[in-house]
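Predicted, not measured: the structure shown is a model, and the values here were computed from it. Each chain gets a letter, A, B and so on, in the order its sequence line appears, and its residues count up from 1.
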2 protein chains.
Amino acid sequence: MAILAGNPAHLLASIDLFSQISLHDLDKIALNATQHEYKKNEYLFHQGDPARRFCVLVTGKVKLTQLTEDGQQIILRYVSPGEAFAVIAVLSKIPYPVTATAVNQVSLLSWEDQKMLELMHQYPQLAINSLSILATRIQEFQDRFREIATERVERRIARALLRLASQTGRKLEHGILIDISLTRQDLAEMTGTTLYTVSRTLSQWEKDGLVSSQREQVTILSPHKLVVLAEDMSR
Amino acid sequence: MAILAGNPAHLLASIDLFSQISLHDLDKIALNATQHEYKKNEYLFHQGDPARRFCVLVTGKVKLTQLTEDGQQIILRYVSPGEAFAVIAVLSKIPYPVTATAVNQVSLLSWEDQKMLELMHQYPQLAINSLSILATRIQEFQDRFREIATERVERRIARALLRLASQTGRKLEHGILIDISLTRQDLAEMTGTTLYTVSRTLSQWEKDGLVSSQREQVTILSPHKLVVLAEDMSR
DNA sequence: TCCCTTCTTTGCGCTAGCACAAAGAATAAA
DNA sequence: TTTATTCTTTGTGCTAGCGCAAAGAAGGGA
């Protein structure tokens with residue numbers, strides 16, 4: 001947790017949030033950022049905490065979860081490097097609606113909420129970029145909402161795996177490894193089902209040669225067949 | 001479809017999107033707006049149309065729906081007066097991801113997308129307001145996502161009715177009338193179930209004195225009991 | 001090395017809710 | 001008024017997926 005030293009403007013330049021902002025301006029923006037590090041499984045903040053920081057992930061993965069009133073947990077999304085998160089709370093001045101957990105070693109930049117608001121007034125492009133990020137995110141949620149409202153569990157799991165693969169997939173010679181530790185429970189919380197059903201589904205897929213799965217790990221052997229499962233409307 | 005005559009700045013002033021913007025600036029912003037009228041059941045735009053206008057609803061109700069690949073429809077939300085919609089597409093430069101239908105007689109203001117972008121640069125507060133609107137909307141979607149992922153159909157229907165009541169409820173002496181035409185199919189498309197299940201559920205609730213329902217119409221007789229259904233974790 | 005914890009698999013019974021069918025009710029059209 | 005259309009209800013059968021239990025399997029720590 002140290003003020004950024006040196007000149008990290010170039011680091012910001014490659015991030016969506018800061019696109020179309022001059023390096024000169026980025027320098028000034030960067031001056032207001034703080035850098036944080038978290039270890040695997042460490043909490044960045046909890047649902048209900050007062051929201052004071054606007055975060056951009058630099059390295060690692062962050063998991064955003066929400067707890068229901070009766071104690072069930074769901075996974076809203078995984079954050080990848082370059083993505084902003086906790087945008088919501090800073091702007092609506094309410095507590096964090098989600099819990100953020102470091103999935104692995106994480107490093108992030110953050111801005112104090114008032115400061116970020118000032119910066120947005122000063123550099124409207126910053127607000128506009130945030131807007132288009134949120135717009136995309138709403139779309140994703142709309143899609144997932146439709147998915148969960150209309151589609152069967154098997155297909156939802158297929159979709160979730162494909163999504164994860166595109167975010168954190170590592171190409172191996174025999175398939176695509178989803179490169180985070182991912183329990184059956186995690187997959188269930190992403191797709192609105194139970195760990196039992198996920199386990200059964202993966203077992204079946206393993207028999208069919210679609211995936212290969214170990215403890216907390218899934219490798220997609222046949223992305224093509226998985227896509228068919230996820231999208232073929234004739235099924 | 002006519003350029004706004006007169007001085008509608010005061011009309012904008014009461015809208016969230018334009019909060020904290022001076023009347024003087026609102027005048028200028030209003031100059032760029034166009035006003036449109038639509039009749040009941042008329043389409044404002046279709047999913048897939050190129051997105052060129054940023055809209056704010058003035059009077060009436062608008063329904064936003066999405067069609068799945070296999071032709072199922074879902075209702076994403078109802079827009080109430082004062083709310084902005086089609087924000088997404090303008091910023092992400094993609095086709096409208098939803099279809100917008102006038103639920104009743106509708107009047108709205110709209111801005112051409114490029115113009116709105118210019119205005120946001122000129123009046124950053126406009127972008128910041130949009131941000132906080134989108135932020136709230138994301139939260140709503142997250143909540144509904146969690147709801148549909150973790151809760152039973154009966155509770156989801158209860159929630160949907162309560163939400164509708166708070167948006168478009170009209171207080172009567174014997175209850176709250178949901179003041180739009182609302183089929184069983186509509187309720188099903190909002191909650192991710194079938195019209196049959198909705199019909200059965202309403203029938204049961206009618207027996208229990210919770211609601212009274214006619215064709216395309218629902219009146220909540222006991223909001224309290226409905227809240228219990230929607231929220232009581234011991235059930 | 002052994003123990004303990006966490007994760008996974010699988011069997012089994014059950015039920016919420018879907019799907020289809022068919023009839024009834026309300027509204028619109030002719 | 002009659003007819004056509006749209007919406008709603010209800011019966012019936014069925015199955016996807018849940019929930020519980022219990023037994024492996026894989027790490028991790030002492």
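Separation of atoms OG1 (B:T59) and CG (B:N104) is listed at 8.0 Å; rounding is to 0.5 Å.
By the side-chain hydrogen bond (donor to acceptor under 3.5 Å, both in side chains) test, A:Q105 pairs with A:E37, sequence neighbours left out. Scanning for side-chain hydrogen bond (donor to acceptor under 3.5 Å, both in side chains) contacts around A:E151 gives A:R159, with sequence neighbours left out.
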Checklist entry - Is there a side chain to side chain contact (heavy atoms under 4.5 Å, CB included) between A:L202 and A:L187 once you walk through the steps? => result CA-CA 11 Å; A:L202 289 183; A:L187 270 170; 4.3 Å; yes
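Mapping B:T183 and A:E151 onto DNA chain D via the closest heavy atom, the residue that lands nearer the 5' end is B:T183. Each of B:G192 and A:Q185 was matched to the nucleotide of DNA chain C holding its nearest heavy atom; the match closer to the 5' end belongs to A:Q185.
Taking the charged nitrogens against the carboxylate oxygens, B:K63 and B:D186 do have a contact shorter than 4.0 Å, which makes a salt bridge. Salt bridge status for A:E140 with A:R163: absent, with no side-chain N to carboxylate O gap under 4.0 Å.
A:W205 has its side chain within reach of A:E154: a pair of non-hydrogen atoms, C-beta onward, lies under 4.5 Å apart.
Residue pairs that meet the side chain to side chain donor-acceptor pair (under 3.5 Å) test with at least one member in residues 164-174 of chain A, sequence neighbours left out, are A:R170-A:D179.
Of the residues in residues 193-215 of chain A, those lying under 4.0 Å from DNA chain C by heavy-atom distance are A:L195, A:Y196, A:S199, A:R200, A:S203, A:R215.
One end of the helix from C:dT1-D:dA30 to C:dA30-D:dT1 points its axis 40° away from the other end's axis, with each axis taken from 5 pairs and the angle rounded to 10°.
What separates CZ of B:R184 from C1' of D:dT9 is a distance of 9 Å, to the nearest Å. Atom-to-atom, CZ of B:R152 to P of D:dG17 comes out at 14 Å; the value is rounded to the nearest Å.
Checking each of B:Y43, B:F85, B:F54, B:F45 against B:Y96 for a ring pair (Phe, Tyr, Trp, His ring centres under 6.0 Å) leaves exactly one that passes, namely B:F45. Shown are A:L108, A:V58, A:L109; of these, the side-chain contact (heavy atoms from CB on, under 4.5 Å) with A:H36 is made only by A:L108.
A nucleotide of DNA chain C counts as in contact with chain A when one of its atoms lies under 4.0 Å from a heavy atom; the first and last such, 5' to 3', are C:dT6 to C:dC12.
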